[in-house]
Amino acid sequence: MGAPFEPGERVLLVDQRGRRFLVRLQQGAVFHFHGGAVPHDLILGSEEGTRVHSQIGVDLTCLRPTMADFVLKMPRGAQVIYPKDVGAIRVEADVAPGSRVLEAGAGSGALTLALCRATGPGGTVVSYEVRADFHQTATANLEWFFGKLPAWLDLRQGDVRTVVETGETFDRVVLDVPEPWTVLDAVRAVLPAGGILCVFLPTTNQVQQAVLALGSARFSDVKTIEVLVRTWHVTRQSVRPDHRMVAHTGFITVARRG
C-alpha cells in the first residue's frame, strides 16, 4: 500500500460518473473505454489516487481495487456470491484466522477468495467444485487476485461427498450447491460437535427443504437470513435513497452440528 503502481498490478479506474474499470497494467499497453484511450504508462510509477486523462480529456482516478471491486469485475463462470452476502457468510459462519474450512461449490471463486483471506496462512480452505469449467475459472480468478494460489488453499475438482474418504476434519463448512441436503451425511462426518454449517441458496423452496433436512440430520440452532443493501444519494440539495438497490440475491442459513 502507498507504493507506486507497477507492471502486472491491477488498478481500478473510476470516471467522474462513478463507473469502474479493472485493468491489469502492462508497459506499452493502452486502456480503451467510452471516454477515449489511456496509455498504461501514464499510470505506471504514479501513486494511488492519481488522476489521469484520456486523449479526449476524460478524467480517471487510479485506485487499488478492494476485494469487493475484484469480485464484481472478475471473469465469471457461475454466478458470483455478492460482497454483501460474502461478508454476512464470514460473520455468521464465524470464519476466523486459523479456521479449517470446507467449501462446496467454488463456482467463480468469490467466496473461496474471501474464505482464504479470513482464515489466513494459519488456517486451511479446502474447496470442491464438481464442474471442470467452473473449477478452471475459480483457479484462474484466485491466481489473478493473489498472484498465485495460497499455500493454505486446496482446490479440488469433484464431489464434496468424497471428503469423508480423506480423514480430514473441519471447523466450518460452507455450501453453495443447489441440493445441500444430499451432502449432509458427509458434512456431519467431517464436522465435529458444535461446528458451524453455512448454506447459501437462492430460492425459498430450496431453503425450506434444506432447513427441514438440517433438523432431520440433528443440526441445531438453525437460522436463515437475507441481506439487502440500499445505497443513498447525498448532496447539499437532497438526501434520499438511490433509485436502485441490491435486493434479493440469496438466503444464508447457518446451523450447528449436534
Working for side-chain hydrogen bond (donor to acceptor under 3.5 Å, both in side chains), residues Thr203 and Gln206:
CA-CA 5 Å; Thr203 72; Gln206 290 169 298; 2.8 Å; yes

Any ion pair linking Asp133 and Arg131 (charged N to carboxylate O, less than 4.0 Å)?
yes

Check: Val254 and Val222 side chains under 4.5 Å, non-hydrogen atoms:
no

Do Leu111 and Val177 sit in one hydrophobic cluster, given that two such residues count as connected whenever their side-chain heavy atoms are within less than 4.5 Å of each other, even indirectly?
no

Among Val173, Leu184, Leu102, find the residue that satisfies the side chain to side chain contact (heavy atoms under 4.5 Å, CB included) test when tested with Leu191.
Val173

Apply side chain to side chain contact (heavy atoms under 4.5 Å, CB included) to the pair Met67 and Leu113, showing each step before the final yes or no.
CA-CA 8 Å; Met67 185 182 72; Leu113 187 161; 3.2 Å; yes

Can you tell me how far apart CG (Asp59) and CG (Leu13) are? Round to the nearest 0.5 Å.
12.0 Å

Under a 4.5 Å cut-off applied to non-hydrogen side-chain atoms, are Phe31 and Gln26 in contact?
no

If you round to the nearest 0.5 Å, how far is OG1 of Thr112 from CG of Leu149?
10.5 Å

With a distance cut-off below 6.0 Å to the six-membered ring centre and an angular limit of 45° from the axis, does Arg100 pair with Phe170 as a cation-pi contact?
yes

Inspect the contact between Arg156 and Glu165 and indicate whether a charged nitrogen and a carboxylate oxygen are less than 4.0 angstrom apart.
no

Specify the closest pair of heavy atoms between Leu42 and Ser46, including all atoms of both residues, with the distance to one decimal.
O-OG, 4.1 Å

Between Arg20 and Asp69, does any side-chain N to carboxylate O distance fall below 4.0 Å?
yes

Side-chain donor-acceptor pair present, Asn141, Ser108, cut-off under 3.5 Å
no

Do His233 and Thr235 come within less than 4.5 Å of each other through their side chains, counting heavy atoms only?
yes

Check: His40 and Gln27 side chains under 4.5 Å, non-hydrogen atoms
no

Salt bridge present between Glu9 and Arg64 (N-O < 4.0 angstrom)
yes

Rounded to the nearest 0.5 Å, how far does CD of Glu103 lie from SG of Cys116?
8.5 Å

Is it the case that Lys84 and Thr249 place a side-chain donor and acceptor less than 3.5 Å from each other?
yes

Tell me which one of Val101, Leu142, Leu155 satisfies side chain to side chain contact (heavy atoms under 4.5 Å, CB included) with Ser127.
Leu155

Could you tell me whether Lys148 and Glu143 have a side-chain N and a carboxylate O separated by less than 4.0 Å?
no

With side chains defined as the heavy atoms from C-beta onward, is the minimum distance between Leu12 and Phe21 less than 4.5 Å?
no

Indicate whether the side chain of Ser99 and that of Asp171 have a donor and an acceptor atom separated by less than 3.5 Å.
no

Please report the C-alpha distance between Leu60 and Val14 in whole Å, then the side-chain angles of each, then the deciding distance to 0.1 Å, and finally whether the side chain to side chain contact (heavy atoms under 4.5 Å, CB included) criterion is met.
CA-CA 5 Å; Leu60 291 170; Val14 184; over 6 Å; no

Looking only at side chains, do Thr162 and Asp159 share a donor and an acceptor under 3.5 Å apart?
no

Tell me, which pairs form a ring pair (Phe, Tyr, Trp, His ring centres under 6.0 Å) where one or both residues lie in residues 235-255, sequence neighbours left out?
His248-Phe251

Compare every heavy atom of Leu72 with every heavy atom of Pro83, then report the nearest pair and how far apart it is.
CD-CD2, 3.8 Å

Residues Arg117, Phe145; criterion side chain to side chain contact (heavy atoms under 4.5 Å, CB included); working and verdict
CA-CA 11 Å; Arg117 269 197 156 187; Phe145 184 83; 3.8 Å; yes

Evaluate the criterion salt bridge (charged side-chain N to carboxylate O under 4.0 Å, His left out) for residue pair Asp221 and Lys223; output intermediate values, then yes/no.
CA-CA 6 Å; Asp221 198 24; Lys223 175 177 70 173; over 6 Å; no

Can you tell me how far the CD1 atom of Ile252 sits from the CD1 atom of Ile89, to the nearest 0.5 Å?
4.5 Å

Would you call the rings of Trp152 and Phe146 parallel, tilted or perpendicular, where under 30° means parallel and over 60° means perpendicular?
perpendicular

Side-chain donor-acceptor pair under 3.5 Å between His34 and Arg19, yes or no?
yes

If you measure from CH2 on Trp232 to CZ on Arg240, what distance do you get to the nearest 0.5 Å?
10.0 Å

When you look at Met245 and Leu228, which way does the side chain to side chain contact (heavy atoms under 4.5 Å, CB included) test go after all the steps?
CA-CA 8 Å; Met245 66 179 290; Leu228 309 177; 4.0 Å; yes

Tell me, do Val52 and Cys62 make a side-chain contact under 4.5 Å, heavy atoms counted?
yes

Please report the shortest heavy-atom distance between Phe33 and Ser54, naming the atom on each side.
CE2-CB, 4.0 Å

